[in-house]
Amino acid sequence: MKIKGLCLVCLFLMQTVSALDFSNNLSELEFITLAAAFLVAVIIAFIHFREVKAKDVKISSAQKKVSLGIIVIAVILIITVVITGFQYQSVLGDSILYQFNRQQLILARQTALCIENFVLHKLSYLEIASNSIMISSQNEVVGGEHILFVYESHKNDVDNIFVLNSTGYLIFIHPKNMQNITCKDFSFRKYFRECRRTGKPYVSEVLLADGENYADVGNNYRSVVVAVPVFNSSNGFDGVLAVTISISELNKRFIYPVVSGDTGYAWLLDDKSFFLAHYNRDFEGEDAFLVRQRTASEIDFQAINDIMREKMMNGEEGVGWYTSGWHRNRTGEIKKIIAYAPVNLGNRVWSVAVVVPTEEVTGTVNNFYIQQQYITIAIIAVIFIATIGMAIMTLKYNELLENDVKNRTRELEMVNKDLKEEREKTEKAYDQLKEADRMKDEFMNVAAHELKTPLVPIKGYLGIMEDDILSEGDKDTKKIMEVISRNIKRLENLINDILDISKLESGGMKFSMERLDVGEVIENSVQDMASFAYQKGLVIESQISEGLPPVNGDKQRLTQVITNLINNAIKFTEEGSIRVTAEERDNEVVVSVKDEGIGIPGDKISNLFTKFYQVDSTLSRRYGGTGLGLAICKGIVRYHGGRIWVESSEGKGSRFSFTLPLEGKEYKRILYAEDDEDTRELARALFEEGGYNVLTVSTGKECFRLLRREDYDMLLLNSMLPDMSGWELFMKIKKHIGSASSMAVVFLSMIPAEENQIKVLRENGISDYITKPIDPRELLEKINTIFGEKKWGD
Amino acid sequence: MGGLKHKMTGKILHVEDDLDTREFVALLLKKEGLNVESVGDGKSCLEKIGGGGFELILLDIMLPDMSGWDIFQKIKKMGLETKPKVIFLSVIPVSDERLTILKREGVTDYITKPFDNKDLIERIKKVLE
């Protein structure tokens, strides 16, 4: 709608412009074109802003600039097209007009020449004839056959041929179609007198029949007489030989046939400014100035008068224009082009004019203009529509993009629907799992509360009693109190240890890791235990390497480990010293506690770190201890990424050592999901030997839960677990645990996989697929290889 | 400093759901000449504190009606003239990290149960000084 309106505006403007005469100067056109282009720009801008406002689309400044740029380019293009068009039109118009003027002039000249020839031709015949005739003293024409010959030669052009004698009496006329004319005196005629006076041929003015009463040729009969003098043998004037030429014949022959354009015509003006011929026969025989005065307005009268008076009457040729109030088939003023040329008849000059309304010339040009305008308008319309389209597209780009995105999103939503449901299920399961976890934590706290609460008053009252007894001094009671006190202490330790080991096993123990100085931890532990050692008469020595770098660890828990190891050493040593050392070795800190105690039998060593394991049950009664201490130590050390082991020879003493990795060197942590216990334990022992930190789980749920809590370097995944397949577990981990992406995942399966299946698995992020049964050592090698590759990859 | 000691009320409120423990702590503190009152749940604890005049609260964390932590938060918001100091007593061990956070929140001390009699008295006296 808007575009249509705009086109109409353009059309209107164009029409206005083209209706102007091409004689107007071009700057005016340019101005109008510019105004039109400006208007177009304004309208485009208006639409642009309305569009933007209506849609409330967010538009970037870049988009605004682009759309503005498009509009500017379009406007420039439109201006160029329009100006080029006008310039072309103008040049073409001038050229056509020039050609037309020339053509008109040639036409006028030709017409004039024809008339001239027509008349002069008669004149030359007459001159020849005049030399051949004689007029006798009896007024007889001698050689009349020559006169007749002339007549016969110009029968169609000439009305009469006649001879006047030296006194002006008609003595001969042919044909004799007029009565009572012979012997009539024509000496009053100017042509007779001029011939007699000058002795030269003479073309008469236009003679009207009125004065001569030639009833048979009508009142309108007008003629020109072409006369030549006749001389006698002694060169004396003897008379006049003349022909009568009918003006109407002349007109019929030369003026009326002239057609220029559709409505152009010619007219003939004599030397007395009378119309000899005119398209409007009523004007013939009338004074042209009077006719003009009657028919034209003041100014037009002036214009044509000037041309007639100054140019035509002076025998000049040329082209001019004037405005006429009269025009065939219509009224109103009309501009006309006039081309004029003189008819030189020797003693007088007539003038032929060819007149064509300007309209006819401009009509041709205008036809062309209109065609060109249609093309121009079509071009502008195309530019315009393209511009609007581009601008709107640019402005709506966001919207389009949004729509695209929306559609795409809808598709994806549909695709994702199933996945979403599945995820919801998984999330629900995970929530349940979390709830279970939370309940377990709560249970641990409640258990701790319930186990410990009874101890508080028992221990407390006992303390009060002990103080009382100590001050009063009953020896037996004192002993009893000591036993009770010791056992309470033992019970408290047991509870603490059980709680610790439970937490370690369930992953519920909270560690607060920090950078700490191992030396300081050791010194603190040694100090804590010093009094206990002193009671047994033992000395604790500590030897810490200088410049030991800090490690990442939980201060409380590491203190617990070292204190526990020292405590064991004190318990099992009767005499000698205990040495605690710490040194850097292979990018890790090795802490050792060496005693000179009873030592441990070789076959018992492997089970030493298993919970509730006692080397000798009788010993436990003797030395106390819950059998949990070393298991707790192992759990804590393993959490730190370290190893713990013992070297011992029976009777000579033992050395307990554990390592803490320094930054940059950490034991690779492997999580091994395997339902078969024997396989699991075998592999675990082997991997630990190989320097890996291994945690094993038997179910998929457990595996997932652990991965939620902690990062591992590798996941060894049995393809079949009791609760879900290895693949299911892998997909679940991939979907929910982002940090697991850096983890190497190795599938272990009884079923061999084909090459391309392995390829697909690898593409999905599986590092390797290993077919069972496999020798554990071979498996270890493969694991080494994978980590090696990873290292190279880094 | 001695003068200041006399001006203080020295009143202690012990919050503990276990009756035996409550009576024992009351006996222990009274033997040390400390002024102690005991309550068994969070609600009566808040009522007592609302009455004002307590200088120290010994607060168990696991209580039947609300947690010691909730009680602590409520005391903080009470707008008392002199805010009582709070020592948590709990069987749940606390990590150094967590203790730092608690102290930043305004908790004076954290004692793990079962505690050593002398240790408890020492730490209470330290707070009251």
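So that the names make sense, note that chain A is the first sequence line, chain B the second, and so on, each numbered from 1. Note that these values count all heavy atoms, side chains included, but never hydrogens, waters or copies made by symmetry.
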Q | A:V637: side-chain contact (heavy atoms from CB on, under 4.5 Å) partners, not counting sequence neighbours | A | A:V561, A:I644, A:F658
Q) Going from CZ on B:F24 to CD1 on A:I464, what distance comes out if it is rounded to the nearest 0.5 angstrom? A) 5.0 Å
Q) Can you say whether B:L28 sits under 4.5 Å from chain A via the side chain, the backbone, both, or neither, judging by heavy atoms? A) both
Q.
Under the rule for side chain to side chain donor-acceptor pair (under 3.5 Å), what residues qualify as partners of A:E584, not counting sequence neighbours?
A. none
Q: Would you please name every residue forming a side-chain contact (heavy atoms from CB on, under 4.5 Å) with A:L695, sequence neighbours left out?
A: A:L671, A:L706, A:Y712
Pull every donor-acceptor pair under 3.5 angstrom between chain A and chain B and give the atom names with distances.
residue, atom, partner, partner atom, Å
A:K452, NZ, B:V91, O, 3.1
A:G460, O, B:N117, ND2, 2.8
A:Y461, OH, B:F24, N, 3.2
A:Q556, NE2, B:V94, O, 3.3
A:Q556, NE2, B:D96, OD1, 3.4

